[in-house]
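None of the values given here were measured: they were computed from a predicted structure. Ligands are counted one by one from 1 in listed order, and the atoms in each one are counted from 1 as well.
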Amino acid sequence: MDGLSRRKMLVTGGTLGAIGALAAASPARARSVWTWSPSASVAGTGAGVDPEWVWDEEADPVLASVIDRGDVPRVNTLLKRWTRNDQPLPDGLPADLKEFMEHARQMPPWADKGKLDRAAQFSKTKGIYVGALYGLGSGLMSTAIPREARAVYYSKGGADMKDRIAKTARLGYDIGDLDAYLPQGSMIVTAVKTRMVHAAVRHLLPQSPGWSQTSGGQKIPISQADIMVTWHSLATFVMRRMKEWGVRVNAADSEAYLHVWQVSAHMLGVSDEYIPASWDAANAQSKQVLDPILAHSPEGEALTNVLLGIVAELDAGLTRPLISAFTRYTLGGEVGDMIGLSRQPILEKLISTAWPLLVAFREGLIPLPAVPAVLWTLEEALRKFILLFLAEGRPIAIDIPDVNRPS
Ligand code: HEM
């Protein structure tokens, strides 16, 4: 990161303490009552308990104990060697953690290899849309999810927000890797490590004064409802927008894409009774858990600046108005306002007219359209962003934290 954006981050960080108290006092948007039925889930049945009150009863006690025993540095060193799905766990891991991980690395019995392969092919052929939607759509939407923004901001990784924010968007992108869940791939490893990081965060964040003062009464972060909120900001949102843009998605591809995300939710520790079995069920759940909670938070705004700063780094800021306009088009003006994206009326109008034409051309539906040159600049900027931001240095190196963000 260059000096300018680092300074910007520090300035934004400095103002947070002051406005954090205000944010804590302002009413949070109400969450809907949980009425989503487990009959619409991959399990097809379940107790129907509100996932707001469910965390991860297998991972949480184990990771709390690993942290309290002071085992985290040793475990992180050992885990660096565990990178492939088919690799045995490294020798020397604490017995309780090893037992948990052996269980957690098992794919669900309902995982379907054919669908996973198809999903990978689909994500590859639709690379530019999927990448742009994860990076600029889901990535920026996460800053309008106050609980996620705050958890990220006050946890250890919040000290390097660029790295942190890149990792969640990258996980979405990596799910589309051709060998993600194959023996030589790394998604099982990434998901199990992420599940352990989330469990560690549940133990650590309640000890953070910054988080406790802004958590709106939540005592333990990252509930299963919270995970599904983020899941919808990735999977449900991306599928919905691709269809709206006129990207060709046949029924088998759509089902395969859903499947890879169902498997990923399971691997992240979400109970099967909360994982939607169909897109209809996903859309209904998204309406209940995601739509009502989108809101502005100072932590979210700080994260937005970091993410847009990354894009600006690619071309010295030239396309920032263009990227703002594209993101407003992608997320909608309301969310754009929430996260503090600058309004670009002329560019927004231009993009909303010309982008669907560009998509139709890329999908082979129409001949080369007469679109303003700025659209090709936008497409080029998106490609560059995807290449540098999402594809750099895989696989993601994930460490279990043992402290919060130093205040
Ligand atoms: C860590 C992905 C849901 C908060 C991570 C990491 C990944 C990830 C890949 C590891 C990155 C690293 O090592 O820094 C996901 C995915 C989710 C999800 C795919 C849902 C589908 C959530 C939710 C919250 C959250 C709902 C909070 C409400 C965090 C925090 C960290 C983390 C605080 C640790 C950052 C640190 O290192 O300090 N997540 N996450 N995540 N996630 Fe999530």
Checklist entry - Which is it for Thr194 and ligand 1 at heavy atoms under 4.0 Å: side chain, backbone, both or neither? => result side chain

[X]/[Y] ion pair, N-O < 4.0 Å:
X	Y	result
Arg147	Glu52	yes
Glu363	Lys126	yes
Glu255	Arg118	no
Asp399	Lys156	no

Less than 3.5 Å apart, which donor and acceptor atoms pair up between the side chains of residues 94-104 and the rest of the protein, not counting sequence neighbours?
unit_1, atom_1, unit_2, atom_2, d
Asp96, OD1, Arg69, NH2, 3.2
Asp96, OD2, Arg69, NH1, 2.9

So which of [options] gets nearest to [atom], if we judge by its closest heavy atom?
atom	options	result
atom 33 (C) of ligand 1	Pro221, Ala151, Ala149, Pro146	Ala151
atom 16 (C) of ligand 1	Leu204, Asp226, Asp399, Leu268	Leu268
atom 13 (O) of ligand 1	Ile398, Thr190, Ile222	Ile398

For ligand 1, which atoms, with element, lie under 4.0 Å from some heavy atom of [X]?
X	result
Ile227	20 (C), 21 (C), 26 (C)
Lys156	38 (O)
His198	1 (C), 3 (C), 5 (C), 8 (C), 15 (C), 18 (C), 22 (C), 25 (C), 29 (C), 32 (C), 39 (N), 40 (N), 41 (N), 42 (N), 43 (Fe)
Val197	1 (C), 34 (C)
Arg147	28 (C)

Next on the checklist: Does ligand 1 come near enough to Ser155 that some N or O of the ligand is less than 3.5 Å from an N or O of the residue?
Outcome noted: yes

Next on the checklist: Does the plane of the ring in Tyr257 sit parallel, tilted or perpendicular to the ring in Trp261? Use 30° and 60° as the thresholds.
Outcome noted: perpendicular

Checklist entry - Residues two or more places apart in sequence or in another chain: which of them pass side-chain contact (heavy atoms from CB on, under 4.5 Å) with Leu258? => result Trp231, Gln262, Trp279

